[in-house]
> 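One structure, pasted below without further comment.
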2 protein chains.
Amino acid sequence: MKTKTIEKPQLSNIEPLLQKSNIRPTAMRILVYKFLLENEAAKALIDIENHFAKSDRTTLYRTIKTFEDKGIVHQIDDGTGTAKYALCEEGCNCEIETDLHLHFHCKICDETICLTDHKIPQINLPNGFSAENANLVIKGICDKCSC
Amino acid sequence: MKTKTIEKPQLSNIEPLLQKSNIRPTAMRILVYKFLLENEAAKALIDIENHFAKSDRTTLYRTIKTFEDKGIVHQIDDGTGTAKYALCEEGCNCEIETDLHLHFHCKICDETICLTDHKIPQINLPNGFSAENANLVIKGICDKCSC
DNA sequence: CTTGTTAATGCACTTCTGTTGCACTAACAT
DNA sequence: ATGTTAGTGCAACAGAAGTGCATTAACAAG
Ligand SMILES: [Mn+2]
Ligand SMILES: [Mn+2]
Ligand SMILES: [Zn+2]
Ligand SMILES: [Zn+2]
């Protein structure tokens, strides 16, 4: 028998979503998930820190690590030197093999976004090489920044 | 009139090569260039530091920066978190536009190599996006490490 | 060869990002 | 109510990258 307290409407769908991935839906985790959900662009840890200025850096760090380990967030290396994070799509399985969508980094607004519909094409490798994973980042100007 | 001292045979071709790119061929620079030339795999700054243990970190750092600025070395972001560096091919123009070869990172030997013959394929982007540069890193097992 | 200018080097110090240890606290099941 | 497990906050640390400044080397002109 479960005694449930009244849930905030915005969060009502996030809580079971976290539980489904065996992540305890703590207040902080729900807020971080919400933050990632509301932003189209992938976020760096420092971005999350700045947004939740009152929270501890380590908690946010470990929150993201947990999300990543549980497979609901994927890390993006866009070449800027700092890792970015974005929510995985429904049914994506980054943990096992990379979902091979590409990422776009805009040199104007400095934002990185997932192009989930654009998969990395098959690459022919020299003899003896076997591929397990691939990372493709296109740099240029995004739709919002091109006039 | 130039009074030239006797050159070590291995270095005889590097000195003019550096001068051609407006890089003063100091002893350190020649040695770093030689080091990169002798290694197939791209090297991180820490690798160069370890190889030239007696030298100062800053000098090596600025040596690589100079090489990069002058367009004889290109930086590789292989996703390991530390930047790698490799010599550019003859006639490559990384400075202007990336030469679109891909890079391979082996998860066994942890080395990163340029696959200069393997160009990054043309990618279709959504409307409004324009590409200026691309970085593709394939992770897997290299020829030396596969059985 | 001497001198003056410019570039390279070495050392110390700083910043930024990521990571860990540990004590404390909240959550949950029994 | 209680014990176990997991999350949090603080401090400290590690690694890589970058900067300021004084010293030294390279080079060209006289
Ligand atoms: Mn993505
Ligand atoms: Mn390369
Ligand atoms: Zn943009
Ligand atoms: Zn290998």
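Every chain is numbered from 1 and lettered A, B, ... according to where its sequence line falls, protein lines coming before strand lines. Keep in mind that what you see is a predicted model, and the values were worked out from it rather than measured.
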> Rounding to a whole Å, what distance do you find between Met28(A):CE and dA6(D):C1'?
17 Å
> To the nearest angstrom, how far is Leu31(B) atom CG from dT9(C) atom C1'?
14 Å
> Looking at CD1 of Ile123(B) and CD1 of Ile120(A), how far apart are the two atoms once the value is rounded to the nearest 0.5 Å?
8.0 Å
> Rounding to an integer number of Å, can you tell me how far Phe67(A) CZ sits from dG7(D) C1'?
12 Å
> Write down the distance between NZ (Lys54(A)) and P (dG9(D)), rounded to a whole number of angstrom.
12 Å
> Nearest whole Å is fine: how far is dG18(C) P from Asp69(A) CG?
15 Å
> Considering only heavy atoms from C-beta outward, does the side chain of Val137(A) approach that of Leu102(A) to under 4.5 Å?
no
> Between His105(B) and Asn133(A), do the side chains contain an N or O donor and an N or O acceptor separated by less than 3.5 Å?
no
> Within the structure, does a side-chain N or O atom of Thr26(A) lie under 4.0 Å from either OP1 or OP2 of dT8(D)?
yes
> For Glu49(A) and dT15(C), give me the distance from atom CD to atom P, rounded to whole Å.
17 Å
> Verify whether one side chain among His101(B) and Thr116(B) offers a donor that lies under 3.5 Å from an acceptor in the other.
no
> Answer yes or no: does a side-chain N or O of Thr63(B) lie under 4.0 Å from OP1 or OP2 of dA8(C)?
no
> Is Lys144(A) paired with Glu40(A) through a side-chain N to carboxylate O contact shorter than 4.0 Å?
yes
> Quick one: salt bridge (charged side-chain N to carboxylate O under 4.0 Å, His left out) partners of Lys139(A), sequence neighbours excluded?
none
> Can you run down the ring pair (Phe, Tyr, Trp, His ring centres under 6.0 Å) pairs that involve residues 106-126 of chain B, sequence neighbours left out, and say none if there aren't any?
none
> Please list, for nucleotides 16-20 of chain D, all pairs of protein and nucleotide N/O atoms separated by less than 3.5 Å.
unit_1, atom_1, unit_2, atom_2, d
dA17(D), OP1, Ala83(B), N, 3.4
dA17(D), N7, Arg57(B), NH1, 3.3
dA17(D), N6, Arg57(B), NH2, 3.4
dG18(D), OP2, Tyr61(B), OH, 3.0
dG18(D), OP2, Lys65(B), NZ, 2.8
dG18(D), O5', Tyr61(B), OH, 3.0
dG18(D), O6, Arg57(B), NH2, 2.4
dG20(D), O6, Arg62(B), NH2, 3.2

> Round to a whole Å and report the spacing from CD1 of Ile23(B) to P of dA25(D).
22 Å
> Which nucleotide wins on minimum distance to the side chain of Arg24(B), given the candidates dT8(D), dA26(D), dT9(C)?
dA26(D)
> Measuring to OP1 and OP2 of dG10(C), would you say a side-chain N or O of Thr59(B) lies under 4.0 angstrom away?
yes
> Expressed in angstrom and rounded to an integer, what is the separation of Asp56(B) atom CG from dA25(D) atom C1'?
15 Å
